[in-house]
Amino acid sequence: MAASPLLPKTRAFLWKKDKLLLLDQRLLPHKSVWRTCRTWQEVAGGIHDMVVRGAPAIGCVAAYGAVLAARRKALPKGFDGLLKARPTAVNLRWALERMRKVWEQGGNLEHEAIAIEQEDREANRRMGEYGASLVASGATLMTHCNTGSLATAGLGTAFGVLWMASRQGKLKKVLATETRPYLQGARLTAWELKNEHIPFELITDSMAAHLMKTEKVDAIFVGADRIAANGDTANKIGTYALAVLAAHHQIPFYVVAPMSTVDLYTATGDRIPIEERRIEEVVMMGGRRLAPHGIKARHPAFDVTPAGLITGIVTDRGIARPPYIDSLAFLIKDTRPALTDAAA
Ligand code: MRU
């Protein structure tokens, strides 16, 4: 596979040596506003408030947050503060552990943060190529949430597969779910697909079953926030429902994530912490209250798809197949880049 510097049109964050700029994703697609972070607290706030979101992007910006903390002599406190910003995406812990090791050894933190960002961009390219090898000509693919340039340092995870399949001329269209309640699909993925000239239709989450039954959906590609050692996968709320529907309709269901999302310290999905967010995001939409006042509501922001519903996990080191307990452990130990399919 030829290494090509595929750079996305959109960037979620920009490191400027003494500050980190975050594109405020809460305002997209209608306004592009960059927020400036000069302290680790501003970076942690940006992650917590979802100015920046998406597991790999959170890891990258947390690494730069640690650089800012070191400059103000605020380590190790800054590590702990950044780690608390969001609980589910393990890339945050993964990046901060890397930064902590370099700090403890007196190494160059800025170099390490830049390496984390560059590695993620390269991982995106590899996943795009591995994932696109699974796509047949004329395919209709379904995706969920936002997994593109706004969620990573590069082309994205699942989005990178859509991008690559489209550039290879194999894609008929993408069906993109709106992703209630935070609408990452309607606001962010639709914007990125439009910008990249990828044919797509936006659907509400509740239309997925009907379209799987009445249209030929060839495969579903989603991202991940944490993959347990056995392959159970936490991703945006609604992912589990899509996987159940995919199994019913015999549609291949793929998770796409870099190895930094694989958490071998978490044995199974029931050990993954699930973020509960504000119920205002459920009872309101676009700043307008829809549900009656004084009611109870729930907002688990992620769910866990059992490994048994996942056809394959596309990583930057190859495609893991069940049983994932073996294939993921094999890929994580393996440092050779050229694996294509790690059937255990
Ligand atoms: O709450 P978010 O928007 O941070 O959730 C994002 C997702 O669930 C993505 O699917 C996941 O982080 C993978 S992104 C490459």
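Everything numeric here is computed off the predicted structure, so don't read it as measured data. Both counts, for ligands and for their atoms, begin at 1 and track the order of listing.
No side-chain N or O of T88 forms a donor-acceptor pair with one of D225 less than 3.5 Å apart.
Applying the ring pair (Phe, Tyr, Trp, His ring centres under 6.0 Å) test to residues at least two apart or on different chains, the pairs with a partner in residues 45-100 are W15-Y64, F79-W103.
E110 meets the salt bridge (charged side-chain N to carboxylate O under 4.0 Å, His left out) test with K17, R71; sequence neighbours excluded.
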Between ligand 1 and the protein, give all atom pairs where both partners are nitrogen or oxygen and the distance is under 3.5 Å, as lines of names plus distance to 0.1 Å.
unit_1, atom_1, unit_2, atom_2, d
ligand 1, 1 (O), R86, NH1, 3.4
ligand 1, 1 (O), R86, NH2, 2.8
ligand 1, 1 (O), K236, NZ, 2.8
ligand 1, 3 (O), R53, NE, 2.7
ligand 1, 3 (O), R53, NH2, 3.3
ligand 1, 3 (O), Q184, NE2, 2.8
ligand 1, 4 (O), G54, N, 3.0
ligand 1, 4 (O), R86, NH1, 2.8
ligand 1, 8 (O), D225, OD1, 2.8
ligand 1, 8 (O), N235, OD1, 3.2
ligand 1, 8 (O), K236, N, 3.3
ligand 1, 10 (O), N235, OD1, 2.6
ligand 1, 12 (O), A55, N, 2.9
ligand 1, 12 (O), D225, OD1, 3.2
ligand 1, 12 (O), D225, OD2, 3.1

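Using a cut-off of 4.0 Å between Lys/Arg side-chain N and Asp/Glu carboxylate O, R11 and E117 are scored as salt-bridged.
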For residues 264-272, which side-chain N or O atoms pair as donor and acceptor with protein atoms under 3.5 Å away, sequence neighbours left out?
unit_1, atom_1, unit_2, atom_2, d
T266, OG1, D263, OD2, 2.5
T268, OG1, D270, OD1, 2.5

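In this structure, R187 satisfies the cation-pi test against Y182, with its NZ or CZ atom closer than 6.0 Å to the six-membered ring centre and inside 45 degrees of the ring normal.
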